[in-house]
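Take a look at the structure below.
In the text below, chain A, chain B and the rest are named by the order of the sequence lines, each starting its count at 1. Below, all heavy atoms of this structure are taken into account, side chains as well, without hydrogens, waters or symmetry copies. These numbers were taken from a predicted model, which means no experiment stands behind them.
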2 protein chains.
Amino acid sequence: MPRDTLTREQIVKTAIDLLDDEGLEGLNMRALGKRLGSAATAVYWHVGSKDNLITLAGDEVWQQIALPDLATTDWRTAATQMATDLHAMLTRHSWLVQAFGSYMIFGPGKARHDDHGLAIYEAAGFTGAQADQAAATVFTFILGNALVPAAAASFTKKLGRDGGNAEALMHESMAKAHEIAAQFPRLRARLDTAVADYATAPDNTFQFGLQAILDGLEAQLIAFGH
Amino acid sequence: MPRDTLTREQIVKTAIDLLDDEGLEGLNMRALGKRLGSAATAVYWHVGSKDNLITLAGDEVWQQIALPDLATTDWRTAATQMATDLHAMLTRHSWLVQAFGSYMIFGPGKARHDDHGLAIYEAAGFTGAQADQAAATVFTFILGNALVPAAAASFTKKLGRDGGNAEALMHESMAKAHEIAAQFPRLRARLDTAVADYATAPDNTFQFGLQAILDGLEAQLIAFGH
DNA sequence: CGTCCCACTTGAACACAGTGCAAGTCGCTG
DNA sequence: CAGCGACTTGCACTGTGTTCAAGTGGGACG
């Protein structure tokens, strides 16, 4: 058999593609092996375990995020830009949000990102623990915001894998949720408009929340005398 | 064999106990069967599938959250109280945050909670889509905030299940993270204090973020003329 | 009081996933 | 050219979700 047909980078890259296509539950070593054109078990020599592979893939995509230049950008613009980039990345790789709940994903890529995030809030005027907290607030908001779409994507893919008519099952599931929501006055009142709003501009809620949070952080800065 | 030994409520309750003890990956049908004192497959008759069981368990714990009386509480106090309750619940049942990424968890329990959340922000003065967005901002922040501790808990339990010395593996993992962080100036500067801060008051970051967000929402209210 | 029905339980069995292992198979080095 | 060792492979084991055919016993009905 040919030698040196696999490299760790190639495996991680292919795993990311597979994860993007099939979701976190769709990644298994045999499918990955098939995509790589090699035996499933060959992967183990390069990455050790599936857990480790996911950790590597998770950290890799963090490198895709651009870091704004703080010398030429005011902190709020930089914060918005970095947050929006992260949001886009998590939307592109929705499996990462799920993986975040089950694996400890921390490597050079995320460290680089975290460090720059901290720099932004230090530039804004936060010091010590407060800079941490400000950065964590924005970060966790983005993470949580990405979780619900990630679940939806995962659910859709699962229906697709189970064969059969995913269409009908999805419709049934939506109908059930609709029925439950209809029993609560405020949810019922917003049911149709909420779906329509989300369909036309899914990122509205994200931008609304992000700007509210940044407003709040600015208020904290002023309160602490800046 | 005795009849009527199992009920759906009992199964869901036991599943929640098991999930609390062992985490999401620790829940499997045979272990659940053992805890129930019955065959693993008997559960299927009552709940249909593992996915459905998790959906049921996930919705059940939502009922635990108290809903503040909006007639006697101003909106900001109510919002803080409900957010803190939710945060505590997600900390108690950290598997729920993980499950949120892989299953569509929406039932009467969550609907009840969402409806009351919406009521708070309508009471504050938000209308229509803005009330949705305000509620979603707070909710997703809490969710994201719970995700990292959930991952840590899951990781610890996984090490425990893999037998051997979880202690040593955990230590090694922390050391590696420490080493990576040390290569970035701002992370390095905050490494020790961050760990210490978290150890003494893990909820500080949560409360800081929550109040910042509520500040931001208040600012939005004023900006839109209230 | 007997008997039949069916709600409920059970154990065996299947499919598939992660992974350890022993046996290769080449390319490079001496 | 011989052998070492970096890589690859197929087999097989374990654990997990789930299906299914075969019970089993409590209550309803005659």
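- Look at CG on Leu32(B): it is 13 Å from P on dT10(C), rounded to the nearest Å.
- Regarding Asp162(A), its CG atom lies at a distance of 12 Å from the P atom of dC16(C), rounded to whole Å.
- The listed nucleotides are dG17(D), dT9(C), dT9(D); the one nearest the side chain of Ala42(B) is dT9(C).
- Expressed to the nearest 0.5 Å, how far NZ of Lys34(B) lies from OG1 of Thr14(B) amounts to 15.0 Å.
- Atom CE of Met29(B) is separated from atom P of dC20(D) by 16 Å (rounded to the nearest Å).
- A salt bridge is absent between Asp114(B) and Arg190(A); no separation between the charged side-chain nitrogens and carboxylate oxygens falls under 4.0 Å.
- In this structure, Trp45(B) places its CH2 atom 4 Å from P of dC8(C), rounding to the nearest Å.
- Counting any heavy atom pair closer than 4.0 Å across all strands shown, Leu36(B) reaches no nucleic acid atom.
- His46(B) has no side-chain polar atom (N or O) that falls below the 4.0 Å cut-off from OP1 or OP2 of dA7(C).
- Donor-acceptor pairing under 3.5 Å, judged by distance alone, is present between the side chain of Thr41(A) and the base of dG10(D).
- The aromatic rings of His113(A) and Trp62(A) sit perpendicular to each other, their planes meeting at more than 60°, with 30° as the lower class boundary.
- Using a 4.0 Å heavy-atom distance criterion, Leu53(B) is classed as making no nucleic acid contact.
- At the heavy-atom level, Ala39(A) lies under 4.0 Å from the strands shown only through sugar-phosphate atoms.
- Leu27(B) places its CG atom 14 Å from the C1' atom of dG15(D), with the value rounded to the nearest Å.
- Straight-line distance from the CG atom of Leu18(A) to the C1' atom of dA17(C): 14 Å, rounded to whole Å.
- Taking OG1 of Thr205(B) as the start and CG of Leu210(B) as the end, the distance is 12.0 Å to the nearest 0.5 Å.
- For Tyr44(B), the listed nucleotide lying nearest its side chain is dT18(D); candidates were dT8(D), dT18(D), dT9(D).
- Under the 4.0 Å criterion applied to side-chain N and carboxylate O atoms, Arg35(A) and Asp17(A) are not assigned as salt-bridge partners.
- The base of dG17(D) is paired with the side chain of Arg30(B) by a donor and an acceptor separated by under 3.5 Å.
- Distance Asn28(A) CG to dT16(D) P: 18 Å, rounded to the nearest Å.
- When the C1' atom of dC7(D) is taken as reference, atom CZ of Arg8(A) falls 15 Å away, rounded to whole Å.
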